[in-house]
Protein chains: 2
Amino acid sequence: MTGRPRTFDKDAVLRMAMRAFWERGYDGVSVAQVCAEAGIAAPSLYAAFGDKEALFEQACALYTEHLDEDLERDLSAPAARAAIERLLRSAAEHFTAPGQPPGCLVMGEPRLTERRDRTRDMIRARLRRAAAEGELASAAEADGVAAFVDTVLSGMAALARDGADRNRLLDAARFAIRAWPA
Amino acid sequence: MTGRPRTFDKDAVLRMAMRAFWERGYDGVSVAQVCAEAGIAAPSLYAAFGDKEALFEQACALYTEHLDEDLERDLSAPAARAAIERLLRSAAEHFTAPGQPPGCLVMGEPRLTERRDRTRDMIRARLRRAAAEGELASAAEADGVAAFVDTVLSGMAALARDGADRNRLLDAARFAIRAWPA
DNA sequence: GACGTTGTTTATTGGTCGTTACAGAAGGAA
DNA sequence: TTCCTTCTGTAACGACCAATAAACAACGTC
């Protein structure tokens, strides 16, 4: 029993919703707006994705899919300093990607604290490994560097949303790397 | 003709509104919520402050009153490096002030791009002065440092809102200062 | 063809939003 | 007192919000 087939592209609608949440945040996007942009009626959207929170979660999953891959790839560099350098450079590029909203969906959304914490945990873990391998002086120093990297990352997302171009963000990343312990 | 006197403390209500906007942002605060917390009816609030946007502007003016003073005081240090160091330290303390919402009303509010740009202009101006005085290599270098400082400042506000304590922010500020050109 | 399932359409629900009309209350001035 | 002005309380406005009920349409299967 297959029933009547869906008349719209579910993935395409999810991409539209992701983009809307990325640009204006959870509270800034109404279900009616997504429906209007997608050209579908509300019951179709509710049937396909569930309520607004469920739609938001699926949009976030789509957003973070590629993002987590990039993060792990960057952090996998043999030297921690190079890993952070790559991380910050990737972030500058992602936050200013042409054809996409500026900034970061995760960094800009107040309700995604948990997901931000996960990213921060990954960064801190990578830097503690660097401390264990002798690349940093101590675990305490590693946590300090981690707090600094988290700060720069969040700040770059904020600057991008305020209209900073890619070079400004790359400048910030370049200067941040200077702070690496000698 | 004085008319009937006001029965509530206008400044106290404005402080409540400022705190609410600080915690939850413009869209996260409803006029009804402010009225309930203040114990007044909507027409009283509208008569005293105008519409929601006017209330928000007055709350912002109250918030930035002390903030602009602090910024100018910090930036007035003779050495630019010391000025930035003081600025970041003050920010860490302000963003985690006990009894106040974490983070920054201006940094957290999407619609206050203009006011953030003003702060950034002040920082950039201070650093260009440093370049003119020989403390930095060039105006281009000054702009790079300015982008970096803006990033750290915005990032510290974001971390504070996510629950980072004062020491984490001070760690970040301390490491940021390390990036200062030798 | 009829049946069961699923998607679409229209219209509506109860709720909250920002804002205001209106009538009454509290002050000073005549 | 009577007037004028300003504030307060109640009640309501239209607009938008997220979410759904009900009727109809399109598919595979029988």
Side-chain angles (χ1 to χ4, degrees), chain A residues 1-63 101 105 108-112, chain B residues 1-63 101 105 108-112:
Chain A
M1 295 298 177
T2 49
R4 177 175 179 173
R6 185 178 287 122
T7 61
F8 59 91
D9 184 342
K10 186 175 172 182
D11 292 339
V13 172
L14 188 58
R15 280 194 298 271
M16 289 182 205
M18 179 191 75
R19 191 184 177 89
F21 287 130
W22 191 348
E23 284 172 342
R24 308 192 295 280
Y26 182 85
D27 290 323
V29 175
S30 75
V31 173
Q33 287 172 346
V34 176
C35 289
E37 191 184 357
I40 63 177
S44 296
L45 188 140
Y46 280 93
F49 300 102
D51 64 8
K52 187 184 177 184
E53 289 219 12
L55 173 65
F56 180 71
E57 282 174 18
Q58 292 167 71
C60 283
L62 176 63
Y63 178 83
L105 195 163
E109 184 57 55
R111 68 176 54 204
L112 293 182
Chain B
M1 296 296 179
T2 49
R4 178 176 180 174
R6 184 178 288 123
T7 60
F8 60 91
D9 184 342
K10 185 175 172 180
D11 291 340
V13 172
L14 188 58
R15 280 195 299 271
M16 290 183 205
M18 179 192 75
R19 190 183 178 86
F21 286 130
W22 192 348
E23 284 173 341
R24 306 191 296 278
Y26 181 85
D27 289 324
V29 175
S30 75
V31 174
Q33 287 172 346
V34 176
C35 289
E37 192 184 358
I40 62 177
S44 297
L45 189 140
Y46 278 91
F49 300 102
D51 65 7
K52 187 184 178 185
E53 290 220 13
L55 174 64
F56 180 71
E57 282 174 18
Q58 292 167 72
C60 283
L62 175 62
Y63 179 84
L105 195 162
E109 185 55 53
R111 67 176 55 203
L112 293 181

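Note on naming: letters A, B, ... go to the chains in the order of the sequence lines (proteins, then strands), and numbering restarts at 1 for each one.
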Exercise. Less than 4.5 Å apart, any side-chain heavy atom of R111(B) and any of D27(B)?
Worked result: yes
Exercise. Choosing from dT20(D), dT19(C), dT8(D), which nucleotide comes nearest the side chain of D51(B)?
Worked result: dT19(C)
Problem set entry | Between P of dC16(D) and CG of D27(A), the distance in whole Å | 18 Å
For this session: Report the distance from atom CG of L45(A) to atom C1' of dA18(D), rounded to the nearest whole Å.
Result: 11 Å
For this session: For A48(B), answer base if it contacts any base atom (sugar-phosphate contacts may also be present), sugar-phosphate if it contacts only those atoms, and nothing otherwise; contact means non-hydrogen atoms under 4.0 Å.
Result: nothing
Seminar exercise, completed: The residue, A41(A) or P5(A), whose nearest nucleotide of DNA chain C is more 5′ is P5(A)
Exercise. OP1 or OP2 of dT6(D) less than 4.0 angstrom from a side-chain nitrogen or oxygen of T2(B), does that happen here?
Worked result: no
Problem set entry | Side chain of Y46(A) (C-beta onward), nearest among dT20(D), dT20(C), dG18(C) | dT20(D)
Exercise. Are the side chains of F56(A) and L112(A) in touch, meaning some heavy atoms are under 4.5 Å apart?
Worked result: yes
Exercise. Between Y26(A) and F21(A), how do the two ring planes meet: parallel, tilted or perpendicular, split at 30° and 60°?
Worked result: parallel
Problem set entry | hbond_proxy R4(B) side chain to dC7(D) base (donor-acceptor, 3.5 Å cutoff) | yes
Seminar exercise, completed: Between CG of L55(B) and P of dG18(C) the distance, given in whole Å, is 11 Å
Exercise. Between E53(B) and G3(B), which is nearer to the 5' end of DNA chain C once each is assigned its nearest nucleotide?
Worked result: E53(B)
Exercise. Once you round it to whole Å, what is the distance between C1' of dT8(C) and NZ of K10(A)?
Worked result: 16 Å
Exercise. For V29(A), which contact category applies under a 4.0 Å heavy-atom criterion: base, sugar-phosphate, or nothing?
Worked result: sugar-phosphate
Exercise. Between dT20(D), dT19(C), dC17(C), which nucleotide has the shortest distance from any of its atoms to the side chain of S30(B)?
Worked result: dC17(C)
Exercise. Under 3.5 Å, is there a donor-acceptor pair between the side chain of Q58(A) and the main chain of L14(A)?
Worked result: no
Problem set entry | Of the listed nucleotides dT8(C), dG9(D), dC17(D), the one nearest the side chain of A32(A) | dC17(D)
